[in-house]
There are 2 protein chains.
Amino acid sequence: MKKKSINLEDRAICAVDYAFRRIGGKYKGRILWYLSNFGVLRYGALKRTLHDVTTKMLTQTLRELEADNLIHREVYHEVPPRVEYSLTKTGMELIPFIGHLNDWGTKQMEEEGLRSKGC
Amino acid sequence: MKKKSINLEDRAICAVDYAFRRIGGKYKGRILWYLSNFGVLRYGALKRTLHDVTTKMLTQTLRELEADNLIHREVYHEVPPRVEYSLTKTGMELIPFIGHLNDWGTKQMEEEGLRSKGC
DNA sequence: CAGGATCCCGGACGATACTG
DNA sequence: CAGTATCGTCCGGGATCCTG
């Protein structure tokens with residue numbers, strides 16, 4: 001039984017709504033952002049980079065992003081296994097906007113006196 | 001007892017995380033987007049534009065956006081009462097981002113064969 | 001007209017244990 | 001190493017009724 005990662009059956013109201021549903025959630029933005037910074041990341045590296053995610057949530061989120069065609073999953077059948085994640089073309093198209101969001105967030109955090117730790 | 005609109009006590013991990021927390025949620029993106037399109041909107045107009053929101057969620061979301069200094073709330077003490085919402089300077093800085101997200105979403109929806117209804 | 005107050009549910013998210 | 005499998009919690013969001 002295949003399940004789409006996101007409820008698109010209840011029609012997105014508009015494009016903004018649609019987009020937010022695809023990159024919403026607690027980790028999706030950061031995953032896309034990290035992947036754009038590092039190019040390719042293994043499962044474990046991704047987990048360490050996020051550092052506050054459980055395997056369940058990470059796997060689930062990655063599967064959703066993959067089903068939405070935002071990231072690519074490459075499996076290497078070795079021992080020990082290796083799986084690498086990278087952005088798809090569609091996913092890359094989102095990066096400028098996340099970058100913009102990153103700039104905005106950085107600026108806001110500085111104004112609040114919070115040290116903005118780089119990602 | 002004042003409560004910040006979003007859990008910033010559990011420190012945002014990075015700027016992207018921070019930004020997503022402020023504009024995440026089911027309606028925030030669309031509210032900002034509609035306000036940027038119309039300039040100023042009354043509570044009722046906003047509700048009709050969103051058309052799938054309860055008063056509770058709308059009010060709550062607006063209060064959060066206000067606390068986060070993304071929108072401005074202007075109350076006119078008349079009978080019947082009138083309340084108008086508009087973007088703050090900080091809020092406006094987010095519009096290019098949402099605009100591009102809108103373009104991206106529109107394109108994606110078309111590729112999926114979904115008619116993209118304008119907002 | 002613009003909300004406030006309550007009650008409630010489902011799904012996002014988490015903790016922990018286990019595995020090919 | 002890269003996940004599955006269960007079980008549990010929490011709160012975002014919704015339904016409904018009420019009010020200055």
Side-chain angles (χ1 to χ4, degrees), chain A residues 1 3-10 12-13 17 20-31 35 40-68 71-86, chain B residues 1 3-10 12-13 17 20-31 35 40-68 71-86:
Chain A
M1 174 180 129
K3 211 184 83 173
K4 289 214 89 172
S5 72
I6 222 108
N7 291 353
L8 291 178
E9 49 274 19
D10 44 301
I13 306 296
D17 188 36
F20 266 94
R21 292 199 202 187
R22 282 180 80 162
I23 62 170
K26 192 169 178 180
Y27 304 105
K28 289 189 179 177
R30 278 155 71 202
I31 289 177
L35 285 179
V40 175
L41 282 175
R42 298 181 58 165
Y43 183 90
L46 214 34
K47 183 158 164 46
R48 278 190 300 281
T49 309
L50 287 162
H51 93 258
D52 62 339
V53 69
T54 60
T55 62
K56 179 196 163 189
M57 282 313 298
L58 179 54
T59 301
Q60 179 182 311
T61 306
L62 288 170
R63 293 290 138 81
E64 290 179 5
L65 289 171
E66 190 191 3
D68 277 345
I71 65 173
H72 173 67
R73 179 167 181 266
E74 188 71 36
V75 183
Y76 297 88
H77 295 282
E78 313 170 345
V79 180
R82 178 161 59 106
V83 179
E84 293 183 343
Y85 294 90
S86 56
Chain B
M1 173 178 130
K3 210 185 81 174
K4 287 213 92 172
S5 71
I6 223 110
N7 291 353
L8 291 178
E9 48 274 21
D10 44 302
I13 307 295
D17 187 38
F20 266 93
R21 293 200 201 186
R22 283 180 77 162
I23 63 170
K26 191 168 179 180
Y27 304 105
K28 289 189 179 178
R30 279 156 70 203
I31 289 177
L35 284 179
V40 174
L41 283 175
R42 297 182 58 168
Y43 182 90
L46 214 34
K47 184 158 163 47
R48 278 189 302 278
T49 309
L50 288 163
H51 92 256
D52 61 339
V53 68
T54 60
T55 62
K56 178 198 163 188
M57 283 313 298
L58 180 54
T59 301
Q60 179 182 311
T61 305
L62 288 170
R63 292 291 137 81
E64 290 179 4
L65 289 171
E66 191 192 2
D68 278 344
I71 64 173
H72 174 67
R73 180 168 181 266
E74 188 72 36
V75 183
Y76 297 88
H77 295 282
E78 312 169 345
V79 180
R82 178 161 60 105
V83 179
E84 292 183 345
Y85 294 90
S86 56

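Quick note on labels: first sequence line is chain A, next is B, and so on, each numbered from 1.
- The minimum heavy-atom distance linking B/K26 with A/D17 is given by the pair O-OD1, 4.3 Å.
- In this structure, the separation between CG on B/L65 and CZ on B/R73 is 12.5 Å, given to the nearest 0.5 Å.
- Of the possible polar contacts, one joining the A/R22 side chain to the A/D68 backbone as a donor-acceptor pair under 3.5 Å is found.
- For B/Y43, the listed nucleotide lying nearest its side chain is C/dG3; candidates were D/dC1, D/dG3, C/dG3.
- Residues from residues 45-52 of chain A lying near DNA chain C, meaning a heavy-atom separation below 4.0 Å, are absent.
- For DNA chain C, the residues of residues 54-62 of chain B within the heavy-atom distance limit of 4.0 Å (strictly under) are B/T55, B/K56, B/T59, sorted by number.
- Scanning all heavy atoms of the two residues, the minimum distance from B/I71 to B/Y85 falls at CD1-CD2, 3.8 Å.
- Atom CD of B/E66 and atom C1' of C/dG3 are 13 Å apart (whole Å).
- Protein atom CZ of A/R21 is 13 Å distant from nucleotide atom C1' of D/dG13, rounded to whole Å.
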Show which side-chain atoms of residues 40-47 of chain B pair as donor or acceptor with protein atoms under 3.5 Å away, not counting sequence neighbours.
| unit_1 | atom_1 | unit_2 | atom_2 | d |
| --- | --- | --- | --- | --- |
| B/Y43 | OH | B/T55 | O | 3.3 |
| B/Y43 | OH | B/T59 | OG1 | 3.0 |
| B/K47 | NZ | B/V53 | O | 2.8 |

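- The OG1 atom of B/T49 sits 9.5 Å away from the CZ atom of B/R30 when rounded to the nearest 0.5 Å.
- Within the nucleic acid shown, B/Y85 comes within 4.0 Å of sugar-phosphate atoms alone, with no base atom in reach, counting heavy atoms only.
- Rounding to whole angstrom units, CD1 of residue A/I71 and P of D/dA2 are separated by 14 Å.
- Not counting sequence neighbours, the partners of A/E84 by the side-chain hydrogen bond (donor to acceptor under 3.5 Å, both in side chains) test are A/Y76, A/R82.
- Rounded to 10°, the helix from C/dC1-D/dG20 to C/dG20-D/dC1 has 60° between the axis fitted to its first five pairs and the one fitted to its last five.
- For A/R73, a side-chain nitrogen or oxygen approaches OP1 or OP2 of D/dG3 to under 4.0 Å.
- For the pair B/K28 NZ and D/dG13 P, the computed distance is 9 Å after rounding to whole Å.
- The side chain of B/R63 places an N or O atom within less than 4.0 Å of a non-bridging phosphate oxygen (OP1 or OP2) of C/dG3.
- Smallest separation of non-hydrogen atoms from B/R21 and B/K28: O-NZ, 4.3 Å.
- At whole-Å resolution of the value, CD in A/E64 and C1' in D/dG3 are 16 Å apart.
- Closest contact between the side chain of A/K26 and the listed nucleotides C/dC13, D/dG14, D/dC1 involves C/dC13.
- Annotation: the span from A/D52 atom CG to A/M57 atom CE amounts to 10.5 Å, rounded to 0.5 Å.
- For the pair B/H77 NE2 and C/dC1 C1', the interatomic distance rounds to 14 Å; values are reported in whole Å.
- Legend: residues meeting side-chain hydrogen bond (donor to acceptor under 3.5 Å, both in side chains) with A/Y27, ordered by chain and number and at least two apart, are absent.
- Residues A/I31 and A/L58 have side chains in contact (heavy-atom distance under 4.5 Å, counting atoms from C-beta outward).
- Contact annotation: A/R42 does not reach the phosphate of D/dG3 (side-chain N/O to OP1 or OP2, under 4.0 Å).
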